[in-house]
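Structure first, commentary second.
Only this structure's heavy atoms are used, side chains among them; waters, hydrogens and symmetry mates stay out.
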Amino acid sequence: QVQLVESGGGLVQPGGSLRLSCAASGTIFSINAMGWYRQAPGKQRELVAAITSGGTTNYADSVKGRFTISRENAKNTVFLQMNSLKPEDTAVYYCNGRVVQPTPPYVAINYWGKGTLVTVSS
């Protein structure tokens with residue numbers, strides 16, 4: 001079994017910064033893409049940022065230039081540095097990882113964390 005556990009959420013004022021972390025544990029052969037998604041009240045879950053095992057990144061237009069995703073492959077951990085936060089960034093942030101199973105045929109399965117709440121408010 002695989003678990004993804006997020007941390008680092010909280011309350012921050014507009015213009016402030018937060019750093020989210022997500023650590024994957026369990027029976028892991030490797031992890032392909034890892035990403036952060038968010039879901040605001042009354043809205044659908046949306047991709048915030050993603051990163052491949054090789055370091056290629058992808059960002060939602062709304063966070064480009066403000067958020068940075070990174071990962072430590074050896075520790076199966078992904079981070080999201082969030083700067084210049086805005087009230088519209090308020091949401092539950094979910095970690096996602098495509099985990100390759102340790103036995104043939106080495107299928108990649110999507111796993112999700114339970115989420116961490118980020119509130120941007122004065």
Can you find a pair of side-chain heavy atoms, one from V99 and one from I109, that are under 4.5 Å apart? no
Expected output: side-chain R66 to main-chain S84 donor-acceptor under 3.5 Å: yes
Does any N or O in the side chain of T116 come within less than 3.5 Å of the main-chain N or O of G9, such that one atom is a donor and the other an acceptor? yes
Step by step, work out the side-chain contact (heavy atoms from CB on, under 4.5 Å) result for S25 and V2. CA-CA 6 Å; S25 62; V2 174; over 6 Å; no
Test side-chain contact (heavy atoms from CB on, under 4.5 Å) on L20 and V118 and set out the steps. CA-CA 9 Å; L20 305 183; V118 172; 4.1 Å; yes
Any idea which heavy atoms bring L47 and A60 closest together, and the distance? O-CB, 3.4 Å
Backbone N/O of K114 and side chain of E6: donor-acceptor pair under 3.5 Å: yes
Of all heavy-atom pairs between I28 and I31, which one has the smallest distance, and what is that distance? CG2-CG1, 3.8 Å
With rounding to the nearest 0.5 angstrom, report the CG to CG distance, N32 to N110. 10.0 Å
With the threshold set at 4.0 Å, does a side-chain nitrogen-carboxylate oxygen contact exist between K86 and D89? no
Take Y111 and R98 through the side-chain contact (heavy atoms from CB on, under 4.5 Å) test and state the conclusion after the steps. CA-CA 6 Å; Y111 287 92; R98 288 189 58 78; over 6 Å; no
Check the pair R38, S62 against side-chain contact (heavy atoms from CB on, under 4.5 Å), reporting the backbone distance first and the verdict last. CA-CA 12 Å; R38 67 186 181 187; S62 59; 3.4 Å; yes
For W112 versus L4, what's the shortest heavy-atom pair and its separation? C-CB, 4.2 Å
Expected output: side-chain Q101 to main-chain P105 donor-acceptor under 3.5 Å: no
Do F67 and W36 have ring centres separated by under 6.0 Å? no
Side-chain heavy atoms of Q81 within contact of S17, under 4.5 Å: yes
Here the pair of heavy atoms bringing Q39 nearest to K43 is NE2-O, 3.1 Å
Cation-pi check, R45 onto Y94 ring (under 6.0 Å, within 45° of axis): yes
Is the backbone N or O of T119 less than 3.5 Å from a side-chain atom of S121, with the two atoms forming a donor-acceptor pair by type? no
Which pair of heavy atoms, one from T27 and one from P102, lies closest together, and at what distance? CG2-CG, 3.3 Å
Check whether more than 12 heavy atoms from other residues, nucleotides or ligands sit under 6.0 Å from atom CD of Q44, and answer yes or no. no
Has R19 got its NZ or CZ under 6.0 Å from the middle of the six-membered ring of F79, at an angle within 45 degrees of the ring axis? yes
Between I51 and R71 the two heavy atoms that sit nearest each other are O-NH1, 3.3 Å
Can you check whether A33's main-chain N or O pairs, donor with acceptor, with T52's side chain at less than 3.5 Å? no
